[in-house]
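Per chain, numbering begins at 1; letters A, B, ... match sequence-line order.
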Protein chains: 2
Amino acid sequence: MEKKDSHCDPREVLERKQLARTAPRIAILEKLIRSDRAITVNDLVSEGMDMDRVTIYRTLNTLRDKGIVREIPTSSGTNYYEMACRHNPLHPHFYCTSCRSMTCLPPLAGGEMKAWLTLPEGLLARDLTVSISGLCGRCDGAPVRKEKEK
Amino acid sequence: MEKKDSHCDPREVLERKQLARTAPRIAILEKLIRSDRAITVNDLVSEGMDMDRVTIYRTLNTLRDKGIVREIPTSSGTNYYEMACRHNPLHPHFYCTSCRSMTCLPPLAGGEMKAWLTLPEGLLARDLTVSISGLCGRCDGAPVRKEKEK
DNA sequence: TCACGGATGCAACTCGTTTGCAACAACGGG
DNA sequence: CCCGTTGTTGCAAACGAGTTGCATCCGTGA
């Protein structure tokens, strides 16, 4: 399982996306690739990542912008991150609003919504949210950074 | 369209859920019922809601806990809210990461995922997130409020 | 090996949301 | 209809995730 697959090698991932192979990026990617679940910035910090929090935030944003990682928002305001490669296909996530834990659910079989609502034993669903993010017509191409919304 | 439907009357909604019919709650519900899109706390404030922000936050949390409104998280940390009644069936949302606007997409036809990815003209999807929130096995029943996650 | 441009670290900050507490008001019993 | 209980509101302060400015550092390509 520790195969030298190009999609599992931080350096190759970075090179393919034309990103500098720096120590922080490699370390974060290694952690993300090894993890079997989506993780937060705090997870990275508390597991001995010896770097500034800001670096983690910036790195994750870069990886997200390049399509290397998926960003999963939660109602608590904490974002979770996971690898976005073919080894980790799109799947629903279950977020416990009480203990604030994030669980990956099995990938979609055929994309039927019903299957998504068939939850593993013990999980009690309160809400299903499908959110698609990207750029709307007005913003296509030119990102507007800090514009106050009316 | 301004029908005296029980699902569209703030007072009846509150009574059915055994919540006190206070002015702030009625005002917020009225706004949510009238709105054709999901809105934020800032939307409520900037549209002349004459009450403390804290009251809005607490009210929305209460309505969410009672299943009256749906809470839609975004990666920017801002939550959006919309009515969760049969007049407003479950539907995907499109969030522009640039201008931070939220758009409601047509309800699911048959629940097929493919249909969700057929976006209206102009929208450029970067990521699809399916998140189911609720209570996990450990938390079933007893909400743990402020426990630090490891 | 060198210079350049992008990446990092630090400090300070923004912003959405929560919490503690005192004042207040909705609601059911008398 | 009034009154006490209980839940709700307002205010101030705090919290926590994430961002920004700037000086320094270091990968990268020549």
Side-chain angles (χ1 to χ4, degrees), chain A residues 10-29 38-46 49-66 69 71-81 95 97-98 100 102 143-149, chain B residues 10-11 14-29 38-46 49-66 69 71-81 95 97-98 100 102 143-149:
Chain A
R11 291 165 177 280
E12 290 193 40
V13 171
L14 292 172
E15 182 168 36
R16 206 174 323 121
K17 298 289 183 169
Q18 317 227 54
L19 292 172
R21 279 146 279 169
T22 64
R25 286 177 179 170
I26 292 168
I28 289 173
L29 271 175
I39 58 179
T40 65
V41 168
N42 274 336
D43 290 336
L44 289 169
V45 169
S46 64
M49 285 272 145
D50 189 25
M51 66 193 76
D52 199 276
R53 299 182 78 91
V54 177
T55 302
I56 301 181
Y57 283 115
R58 281 197 273 232
T59 299
L60 289 173
N61 283 348
T62 303
L63 298 177
R64 184 225 319 118
D65 290 344
K66 290 286 183 175
V69 303
E71 186 177 57
I72 303 136
T74 68
S75 53
S76 73
T78 311
N79 287 328
Y80 282 71
Y81 296 88
Y95 181 66
T97 50
S98 179
R100 299 168 189 211
M102 181 71 79
V144 184
R145 269 281 150 156
K146 211 50 193 299
E147 200 181 22
K148 277 281 193 284
E149 55 232 275
Chain B
R11 292 167 178 280
L14 291 171
E15 182 169 37
R16 205 175 324 121
K17 298 289 184 169
Q18 316 228 55
L19 292 171
R21 277 145 281 169
T22 64
R25 286 177 179 171
I26 291 168
I28 289 173
L29 272 176
I39 57 178
T40 66
V41 169
N42 273 337
D43 290 336
L44 288 169
V45 169
S46 64
M49 286 271 146
D50 188 26
M51 67 192 75
D52 199 276
R53 299 182 76 90
V54 176
T55 302
I56 301 181
Y57 282 113
R58 281 197 275 233
T59 300
L60 289 173
N61 284 348
T62 304
L63 297 178
R64 190 236 301 123
D65 290 344
K66 291 285 184 176
V69 304
E71 187 177 56
I72 303 136
T74 69
S75 53
S76 73
T78 310
N79 287 326
Y80 282 71
Y81 297 87
Y95 181 67
T97 51
S98 178
R100 298 167 190 214
M102 180 71 80
V144 184
R145 269 284 152 157
K146 210 51 190 299
E147 200 182 21
K148 277 281 193 282
E149 56 234 273

**Message:** With a 4.0 Å cutoff (strictly under), does any side-chain N or O of A:T22 reach OP1 or OP2 of C:dT8?
**Reply:** yes
**Complete:** Closest to the 5' end of DNA chain D, once B:T62 and B:S76 are matched to their nearest nucleotides, is B:T62
**Side-chain heavy-atom pair A:M102, A:T74 within 4.5 angstrom cut-off** = yes
**Request:** Take atom CG of B:L29 and atom P of D:dT8, then tell me their distance rounded to the nearest Å.
**Result:** 14 Å
**Prompt:** What's the closest nucleotide to the A:N79 side chain, out of D:dT9, D:dG18, C:dT17?
**Reply:** D:dG18
**Asked** Given atom CG of B:L63 and atom P of D:dG7, what is their separation to the nearest angstrom?
**Response** 17 Å
**Request:** Would you indicate, yes or no, if C:dA7 has its OP1 or OP2 atom less than 4.0 angstrom from a side-chain nitrogen or oxygen of A:R58?
**Result:** no
**B:N79 side chain to B:E71 backbone, donor-acceptor under 3.5 Å** = no
**Message:** What I'd like to find out is whether the side chain of B:L60 reaches to under 4.5 Å of the side chain of B:L44, using heavy atoms alone.
**Reply:** yes
**Request:** Between D:dG27, C:dT8, D:dA17, spot the one nearest the side chain of A:P24, thanks.
**Result:** C:dT8
**Prompt:** With side chains defined as the heavy atoms from C-beta onward, is the minimum distance between B:N42 and B:R53 less than 4.5 Å?
**Reply:** yes
**Message:** In this structure, how many angstroms lie between the P atom of C:dT17 and the CZ atom of A:R100, rounded?
**Reply:** 12 Å
**Asked** Looking at residues at least two apart in the chain, or sitting in another chain, which of them share a side-chain hydrogen bond (donor to acceptor under 3.5 Å, both in side chains) with A:R11?
**Response** none
**5′-ward residue of the pair B:D52/A:G77 relative to DNA chain D** = B:D52
**Message:** Looking at D:dG10, I'd like to know if its phosphate oxygens (OP1 or OP2) sit under 4.0 Å from a side-chain N or O belonging to B:T55.
**Reply:** yes
**Fill in**
Rounded to whole Å, the CE-P distance (B:M51 to C:dC24) equals 19 Å
**Nearest-Å distance for atom pair CG/C1', residues B:N42 and C:dG16** = 8 Å
**Prompt:** Given A:M51 and A:T59, is the side chain to side chain contact (heavy atoms under 4.5 Å, CB included) satisfied, shown in steps?
**Reply:** CA-CA 11 Å; A:M51 66 193 76; A:T59 299; 5.8 Å; no
**Request:** Counting heavy atoms from C-beta on, name the nucleotide in D:dT28, D:dT19, C:dT18 closest to the side chain of B:N61.
**Result:** C:dT18
**Fill in**
The nucleotide from D:dA17, D:dT20, D:dG10 with an atom nearest the side chain of A:V54 is D:dT20
**Asked** Between C:dA26 and B:R25, is there an OP1 or OP2 to side-chain N/O distance shorter than 4.0 Å?
**Response** no
**Asked** Any side-chain heavy-atom pair from B:R25 and B:T62 closer than 4.5 angstrom?
**Response** yes
**Request:** Rounded off to whole Å, could you give me the CZ-to-P distance for the B:R21 and C:dC24 pair?
**Result:** 23 Å
**Asked** Hey, does A:L14 have a side-chain heavy atom less than 4.5 Å from the side chain of A:L63?
**Response** yes
**Request:** Determine to 10° how strongly the helix from C:dT1-D:dA30 to C:dG30-D:dC1 is bent, judged from the axes of its five-pair ends.
**Result:** 40°
**Item:** A:R53 CZ to D:dC15 C1', straight-line distance once rounded to whole Å
**Value:** 13 Å
**Message:** Just the rounded figure in Å: distance from C1' of D:dT9 to CD1 of B:I28.
**Reply:** 11 Å
**Prompt:** Taking the side chain of B:Y57 as heavy atoms from C-beta outward, which of C:dC10, C:dG16, D:dG27 is closest to it?
**Reply:** C:dG16
